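Just so you know, these numbers come straight off a predicted model, no measurement behind them.
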Amino acid sequence: MKEFTITKNDASLRLDKFITKNCPTLPSSLMFKYIRTKRIKVNGKRAEISTRLNAGDKVEAYINDEFFTEIKPTYDFLSAPSKLDIVYEDENILLADKKQGLLVHPDKNEYTNTLIARIQHYLYDKGEYDPQDENSFRPALANRIDRNTGGIVIAAKNAEALRILCDKIKCREIDKRYLTVVHGIPKKKTDLLEGYLEKDEDKNRVYMSKKSTDTNKFVRTKYTVLQTLNNLSLLEIELLTGRTHQIRAHMAAIGHPLLGEGKYSKSNDKKSGFDKQALYSYSLKFDFKTDAGILNYLNGKRFTVREVWFAEKLFGDSYKRLL
């Protein structure tokens, strides 16, 4: 028999999901049978397969020792660098300044060196995260940005923080602002752009339209011109919806493609030293309208990346006075 004590990071998991994670060699058919016949119990009593676990619950598993065979753990995240550019950190969250070119999550071409792997490695080295102490939770990202976009990404250190952050992002109670440089000078100093965006998964690009269809999605993008120089404009962007490539496609659609952008622009900016798109998620403000539980202390706080490479290259320190 083995007994598990449910931690706060396992709270709300279904019983069958919890057993699957902690006894991966136990066949599903046996697991369901053992739950029905009370060989797997919660707090000494029979439980349903769909029972939701609470912090402090005791799960007793009267099953053969072979299903508890210890396997020496190996952690993929330890192969990733642990170096991070940290904007802010406390016991619940970490705000990382992701550099352009780094993936936030693994894809088919890059599995190890990602932002989330670096964060897990960093917390492991600090002693704040050890997979052996957790039954199911791993530090996770609450938001994501494209590989070729830089800026602030939010990581949650515990399951409760992750649930709250995801809810606040969904309810638009976290304000995110971007800096970008575009070709040309927009006619309006500030404007709210609206349109419809359709994604082509095969080509990994999107298309803007003024008309709604069954397959596209409504998008809103607000911009403000901060500075101009030599037919280039530094903009602050507020995303009022968050769709794939939204800023890049929306600005290109009104005739002002991003500097250094290759997918939605025909300009060859590499010759002038801009081989990366000029787009950075530079500011984040927690603007909670409803209770945020253990994260209430963050309400009203704003965090910024003060050095954005393309803005400094073109405008020096003068742009910082406008933020």
Check your understanding: Would you find a donor on one side and an acceptor on the other, under 3.5 Å apart, between the side chain of S233 and the backbone of G184?
Key -> yes
**Study point:** Minimum heavy-atom distance A142-I169, with the two atoms named
**Key:** O-CD1, 3.3 Å
**Study point:** Heavy atoms from other residues, nucleotides or ligands near CZ of R39 exceed 12 (cutoff 6.0 Å)
**Key:** yes
**Study point:** L259 vs F310 side-chain heavy atoms within contact, under 4.5 Å
**Key:** no
Exercise for review: Indicate, with yes or no, if L30 and L15 share a hydrophobic cluster defined by side-chain heavy-atom contacts under 4.5 Å among Ile, Leu, Val, Met, Phe, Trp and Tyr.
Suggested key: yes
Point to revise | Distance in Å, R243 CZ paired with Y196 OH, rounded so as to fall on 0.5 Å steps | key: 12.0 Å
Check your understanding: Would you say the side-chain atoms of K168 pair up with the backbone N or O of D287, donor to acceptor, closer than 3.5 Å?
Key -> no
Revision key, fill the gap. With sequence neighbours left out, the residues meeting side chain to side chain donor-acceptor pair (under 3.5 Å) with N92 are N158, Y297
Practice item. Step through the shown structure and confirm whether more than 12 heavy atoms of other residues, nucleotides or ligands are within 6.0 Å of NZ on K99. Key: yes
Review point. Roughly how far, to the nearest 0.5 Å, is the CG atom of L123 from the CG atom of D130?
Key: 11.5 Å
Check your understanding: Does a side chain donor of either K199 or T215 reach within less than 3.5 Å of an acceptor in the other side chain?
Key -> no
Point to revise | Main-chain N/O of F218 paired to E194 side chain as donor or acceptor, under 3.5 Å | key: no
Check your understanding: Under a 4.0 Å N-O cut-off, is there an ion pair linking D10 with K21?
Key -> no
Review point. With sequence neighbours excluded, what pairs up with K157 under the side chain to side chain donor-acceptor pair (under 3.5 Å) test?
Key: E89, E128
**Study point:** Under 3.5 Å: donor-acceptor pair, side chain of R172, backbone of L240
**Key:** yes
Point to revise | E236: which of Y223, Y282, Y319 passes side-chain hydrogen bond (donor to acceptor under 3.5 Å, both in side chains) | key: Y282
Practice item. For the pair K263 and E261, find out whether any cationic side-chain nitrogen is under 4.0 Å from an anionic carboxylate oxygen. Key: no
Review point. What do the steps show when you test E160 against R163 for side chain to side chain contact (heavy atoms under 4.5 Å, CB included), and what is the final call?
Key: CA-CA 5 Å; E160 186 174 2; R163 286 193 292 271; 4.0 Å; yes
Review point. What's the shortest heavy-atom distance between I63 and C23, and which atoms?
Key: CD1-SG, 4.1 Å
Review point. How would you list all residue pairs meeting salt bridge (Lys or Arg N to Asp or Glu O under 4.0 Å) that involve residues 304-323, not counting sequence neighbours?
Key: E312-K320, D317-K320
Practice item. Calculate, to the nearest 0.5 Å, the distance between atoms OG and CG belonging to S318 and L234 respectively. Key: 8.5 Å
Practice item. Enter the distance from T244:OG1 to E201:CD here, rounded to the nearest 0.5 Å. Key: 7.5 Å
**Study point:** Polar side-chain atom of T241 near backbone of R220 as donor-acceptor pair, under 3.5 Å
**Key:** yes
Check your understanding: Within a radius of less than 6.0 Å around NZ of K41, do more than 12 heavy atoms belonging to other residues, nucleotides or ligands occur?
Key -> yes
Check your understanding: Is the closest side-chain donor-acceptor distance between Q246 and T221 under 3.5 Å?
Key -> yes
Point to revise | R14: salt bridge (charged side-chain N to carboxylate O under 4.0 Å, His left out) partners, not counting sequence neighbours | key: D16
Point to revise | Counterpart residues, side chain to side chain donor-acceptor pair (under 3.5 Å), relative to N9 (two or more places apart) | key: E134
Check your understanding: Taking a hydrophobic cluster as the set of Ile, Leu, Val, Met, Phe, Trp and Tyr residues connected by side-chain heavy atoms closer than 4.5 Å, whether directly or through intermediates, do Y280 and L323 fall within one such cluster?
Key -> yes
Practice item. List in chain and number order the residues that pass salt bridge (charged side-chain N to carboxylate O under 4.0 Å, His left out) with R46, two or more places apart in sequence or in another chain; answer none if no residue qualifies. Key: E48
Check your understanding: Is it true that L13 and V59 fall in one hydrophobic cluster, defined by side-chain heavy atoms closer than 4.5 Å?
Key -> yes
Review point. Under 3.5 Å, is there a donor-acceptor pair between the side chain of S265 and the main chain of S267?
Key: yes
Practice item. Please list, chain by chain and in numerical order, all residues satisfying ring pair (Phe, Tyr, Trp, His ring centres under 6.0 Å) with F32, sequence neighbours excluded. Key: none
Check your understanding: How about F77 and Y129: are their ring centroids closer than 6.0 Å?
Key -> yes
Practice item. Measure the spacing between CD1 of I237 and CG of L193 and express it to the nearest 0.5 Å. Key: 7.5 Å
**Study point:** Qualifying residues under salt bridge (charged side-chain N to carboxylate O under 4.0 Å, His left out), relative to R302, sequence neighbours excluded
**Key:** none
Review point. Above 12 or not: heavy atoms from other molecules or residues under 6.0 Å from NZ of K8?
Key: no
Check your understanding: So, the side chain of N143 versus the backbone of I154: is there a donor-acceptor pair under 3.5 Å, distance only?
Key -> yes
Exercise for review: Would you check if the side chain of K98 reaches a backbone N or O of R144 as a donor-acceptor pair within less than 3.5 Å?
Suggested key: no
Check your understanding: Are the side chain of E3 and the backbone N or O of E60 linked by a donor-acceptor pair below 3.5 Å?
Key -> no
Check your understanding: What residues, two or more places apart in sequence or in another chain, satisfy ring pair (Phe, Tyr, Trp, His ring centres under 6.0 Å) together with F137?
Key -> none
Exercise for review: Classify the side-chain pair K58/T5 by whether it contains a donor and acceptor separated by less than 3.5 Å.
Suggested key: yes
Exercise for review: Just grab all the ring-ring contact (aromatic ring centres under 6.0 Å, His included) pairs involving residues 249-270, residues at least two apart or on different chains.
Suggested key: H245-Y264
Practice item. Taking all heavy atoms of P81 and all of N113, pick out the closest pair and write down the distance. Key: CD-OD1, 3.3 Å
Check your understanding: Measuring from T51:OG1 to N43:CG, what's the distance to the nearest 0.5 Å?
Key -> 10.0 Å
Practice item. Looking only at non-hydrogen atoms, find the nearest pair between G293 and I164 and report the distance. Key: CA-CD1, 4.3 Å
Review point. Is it true that atom CZ of R138 has more than 12 heavy atoms of other residues, nucleotides or ligands lying nearer than 6.0 Å?
Key: no
Point to revise | More than 12 heavy atoms of other groups within 6.0 Å of K170 NZ | key: no
Exercise for review: Measure from the side-chain N and O atoms of K217 to the backbone N and O of L197, and report whether any donor-acceptor pair falls under 3.5 Å.
Suggested key: no
**Study point:** With F286 via ring pair (Phe, Tyr, Trp, His ring centres under 6.0 Å) - residues at least two apart
**Key:** F288
Exercise for review: Report the C-alpha separation of H183 and L232 in whole Å, then their side-chain angles, then the decisive distance to 0.1 Å, and conclude whether the side chain to side chain contact (heavy atoms under 4.5 Å, CB included) test is met.
Suggested key: CA-CA 5 Å; H183 287 280; L232 295 172; 3.8 Å; yes
Practice item. Please list, chain by chain and in numerical order, all residues satisfying salt bridge (charged side-chain N to carboxylate O under 4.0 Å, His left out) with D125, sequence neighbours excluded. Key: none
